[in-house]
Amino acid sequence: MILSALLTSVGINLALCFLFFTLYSILRKQPGNINVYAPRLVAEGKAQQRGRFNLESLLPTASWVKKAWQPSEDELLSIVGFDAVVFMRILTFSLKVFSVAGVLGVFILLPINFVGTQLNEDSSDLPNKSLDSFSISNVNDGSNRLWIHFCAAYVFTGVVCYLLYYEYNYISSKRIACFYSSRPQPHQFTILVRAIPIPSGSTCSETVESFFKENHPSTYLSHSVVRRTSKLQDHYEKKLEDVEHNVRLEQSSLAGKEVSAAFVSFKSRLGAAVALHIQQGINPTEWITERAPEPHDVHWPFFSSSYLKRWICTLMVFAACAALTILFLIPVVIVQSLTNLDQLETWFPFLEGILSLTVVSQVITGYLPSLILSTFLSFVPPIMIIFSSMQGYISHSRIEKSACIKVLWFTIWNIFFANVLSGTVLYQVSVFLEPQKIPSVLAEAVPAQASFFIAYVVTSGWTSLSSELFRSIPLLCNFFKRVFSGKNDDEFEVPSIPYHSQIPKIIFFGLLGITYFFLSPLILPFLLVYYCMGYIIYRNQLLNVYAPKYEAGGRFWPIVHDSTIFSLVLMHIIAIGIFGLKKLPLASSLIIPLPILTLLFHEYCQKRFLPIFQAYPNECLVKKDKEDLNDPTITEFYENLVTAYRDPVLSMQYPVSTDGRNTPLLHTA
């Protein structure tokens, strides 16, 4: 790709961003759009429909930027919860990383790359200059200037590892602080018990009560047996008043159909933790325990599936993911053909005249490939949510976390490796079956795709962020509701932020930035713009649009940490190969300790911080349990805990709210 093609792509996306920002600043002030641009505030009663139309509302303003910037992190925590704070910490971490990378890359490495003469390009014709002139490919083989790239790799790795340690330490400490400041929550006192062996002549409820009274006499409080309710959930999506009678009839008919699983609650957090981490029965396949999610986070359809069915579904999900990966190679091939005009002319000779036009060729090579790829990729997150929900997870938060991991590695493989290696699936796999060739293969392939990924950051990053702010689909839905009903719909659902699609995108751009830090530092300014935009836009959306439906306790951060370590090691492997290709074998050899040290650092962080995200320490549990002894509301909490984990389909007439948060599945008759 030449420089003018990149500038064409940047110009198109800048125009789209400016258009979306302008339209947002105008439309958010219109009387009928408050449900689109501030649904969370409307649901909380903090915003109402504005008055009549006036000319002032047609003037675009940037006041929303100041409002999004002002709240402190503690204020953000009290408003949108801990997961949202961790999400914003991911963005601030990325900003810190690429601010340092930008200084090193743009002011030191980029000039060195540009003054090289390896590619023998005419420096006077800048618009038609290849973007490879700004990459390490342009540095002369064996040049001593390559040692600057070597030193930059070490310095940058040290900075990233320091920032990773700082963030891991900060977020884990914040997680403990949030636990200390929280009120008693049902999931802190409850575990899920599965594979309950039910003797003949006894019920599941009687078996559970007898077992835990005998083995946990001082801490056992109550239990709630899970029942099959799949038939009722066929009815549930209809309005309650239309099927209330049928629901009550089926409640009584299904009341005896118990699942061999139960939510068991204890009098203390420590009691629940002991029961969770100790094998309950002699047979390890019976009385299986796992941590209970929040009541409104429970994915109830899970319990209507047998163990064998869930196991088969898991295998089917892996097969479906593999099939989707292969299928996604079709748009990848299309994209690769668009970036290579010679190949495109060979396939379609009749396009030769059109492709000879400068503007057309610049749009096709600079803008269209990344647009096509990002469009196809937008269908992947909802598909991964469906796949994850089939695997038998007991909570929506675990489903979303699983989908987040699937989307991330799907993106890394199909967007990065598939485009870089540009071959068949068998070729892509065969590369990794010969480890000794990986550095040299990646060193040749990765720099060649720098221009494509710069355009991808601009299209999939800048424009998608501005469209996130504009909310085009909710805006259109709201418009058609007003047109056909004559008024706004008073009943609307406040959305929650789709972590499973947004976090993988942030991480993937981080991988691109780390990988191309010393290969093609021209990508770094575009990434910095993306993260700056993301910081403001997501703060605005969290404060006005999204509302948390559950708390995952910041468990998305370890995914970010692991992915960043992977990105660093990938950069090191490419560095080993690139210094070898550039005939600097000593630098190639001296890079080898870097991935080893990085992995050792990762192992230390896993042992130091990861356990805090898996379970709260005994010290914290005991301290909170002692505080409960002086809590006058703890008796009432225990009473509500008895019915907290009742399936909403079976408890429509008996709503329970133990933590002050509304559940959309609970209704009063």
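Of the possible polar contacts, one joining the Glu206 side chain to the Thr203 backbone as a donor-acceptor pair under 3.5 Å is found. A side-chain donor-acceptor contact under 3.5 Å links Ser388 to the backbone of Met384. Between the side chain of Thr190 and the backbone N or O of Ser265, no donor-acceptor pair lies under 3.5 Å. Arg471 places a side-chain N or O within 3.5 Å of a backbone atom of Val36 that can act as its donor or acceptor partner. Side chain of Gln280 to backbone of Ile278: a donor-acceptor contact under 3.5 angstrom is found. Without hydrogens or angle criteria, Asn215 side chain to Phe211 main chain gives a donor-acceptor distance under 3.5 Å. Side-chain N or O atoms of Arg40 include none that pairs as donor or acceptor with a backbone N or O of Val494 at under 3.5 Å. Under the 3.5 Å distance criterion, the side-chain polar atoms of Ser378 are matched with a main-chain donor or acceptor of Thr375. Using modelled atom types, one side-chain atom of Ser181 and one backbone atom of Ala177 make a donor-acceptor pair closer than 3.5 Å.
At least one side-chain heavy atom of Trp287 sits less than 4.5 Å from a side-chain heavy atom of Thr207. Using a 4.5 Å heavy-atom threshold, the side chains of Ser464 and Lys505 count as touching. Looking at Val193 and Phe263, their side chains never come closer than 4.5 Å, going by heavy atoms from C-beta outward. No side-chain heavy atom of Asp83 sits under 4.5 Å from any side-chain heavy atom of Pro548. When side chains are defined from C-beta on, Thr643 does not count as touching Ser224, because their heavy atoms never get closer than 4.5 Å. Side-chain contact check for Gln541 versus Ile497: every heavy-atom pair is 4.5 Å or farther apart. Phe410 has its side chain within reach of Leu377: a pair of non-hydrogen atoms, C-beta onward, lies under 4.5 Å apart. Side-chain contact check for Ile394 versus Val298: every heavy-atom pair is 4.5 Å or farther apart.
A search for salt bridge (charged side-chain N to carboxylate O under 4.0 Å, His left out) contacts involving Asp562 returns nothing, not counting sequence neighbours. Considering only residues two or more places apart in sequence or on other chains, Lys607 meets the salt bridge (charged side-chain N to carboxylate O under 4.0 Å, His left out) condition with Glu603. Remark: Glu167 pairs with Arg89, Lys96 by the salt bridge (charged side-chain N to carboxylate O under 4.0 Å, His left out) rule, at least two apart or across chains.
Side chains of Tyr393 and His396: no donor on one and acceptor on the other come within 3.5 Å. Side-chain contact annotation: His187 with Gln185, donor-acceptor N/O pair under 3.5 Å absent.
Rounded to the nearest 0.5 Å, atoms OG (Ser222) and CZ (Phe212) are 11.5 Å apart. Distance CZ/Phe556 to CD1/Ile405: 9.0 Å, rounded to 0.5 Å. For the atom pair NE2 (His561) and CD1 (Ile90), the distance works out to 13.0 Å, reported to the nearest 0.5 Å. Expressed to the nearest 0.5 Å, how far CD1 of Ile503 lies from CG of Leu408 amounts to 10.0 Å. Here the straight-line distance linking atom OG of Ser563 with atom CG of Leu568 works out to 11.0 Å at 0.5 Å rounding. With rounding to the nearest 0.5 Å, the separation of CE in Met390 from SG in Cys313 is 5.0 Å.
Taking the charged nitrogens against the carboxylate oxygens, Asp74 and Lys174 do have a contact shorter than 4.0 Å, which makes a salt bridge. Comment: Lys623 does not engage Glu627 in a salt bridge, judged by the lack of any side-chain N to carboxylate O separation of less than 4.0 angstrom. Checked for salt-bridge contact, Lys624 and Glu619 miss the test: no charged N lies under 4.0 Å from a carboxylate O. Between Asp297 and Lys549 there is no salt bridge, since no side-chain nitrogen of the basic residue lies less than 4.0 Å from a carboxylate oxygen of the acidic one.
Between Tyr546 and Tyr538, a ring centre-to-centre spacing not shorter than 6.0 Å is recorded. Checked against the 6.0 Å centroid threshold, Trp557 and Phe93 count as a close aromatic pair.
Within 6.0 Å of CD1 on Ile282 lie no more than 12 heavy atoms contributed by other residues, nucleotides or ligands. Counted within 6.0 Å of CZ on Phe566, heavy atoms from surrounding residues, nucleotides or ligands total more than 12; the atom is thus considered enclosed. When the shell of 6.0 Å around CZ of Phe379 is examined, it contains 12 or fewer heavy atoms from other residues, nucleotides or ligands. Within 6.0 Å of OH in Tyr180 there are more than 12 heavy atoms belonging to other residues, nucleotides or ligands. In Ile473, the CD1 atom is not crowded: 12 or fewer heavy atoms of neighbouring residues, nucleotides or ligands sit closer than 6.0 Å. Within a 6.0 Å sphere centred on CD of Glu636, heavy atoms belonging to other residues, nucleotides or ligands number 12 at most.
The aromatic rings of Tyr220 and His223 lie parallel to each other, with less than 30° between the two planes, well short of the 60° mark. A perpendicular orientation is assigned to the rings of His216 and Phe266, their planes being inclined by more than 60° (bins at 30° and 60°).
Relative to the ring axis of Tyr616, Arg175 places its NZ or CZ within 45° and under 6.0 Å from the centre.
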Next item on the list: Any chance you could lay out the side chain to side chain contact (heavy atoms under 4.5 Å, CB included) test for His500 and Ile385, step after step, and finish with the verdict?
Entry: CA-CA 8 Å; His500 66 285; Ile385 280 285; 3.5 Å; yes
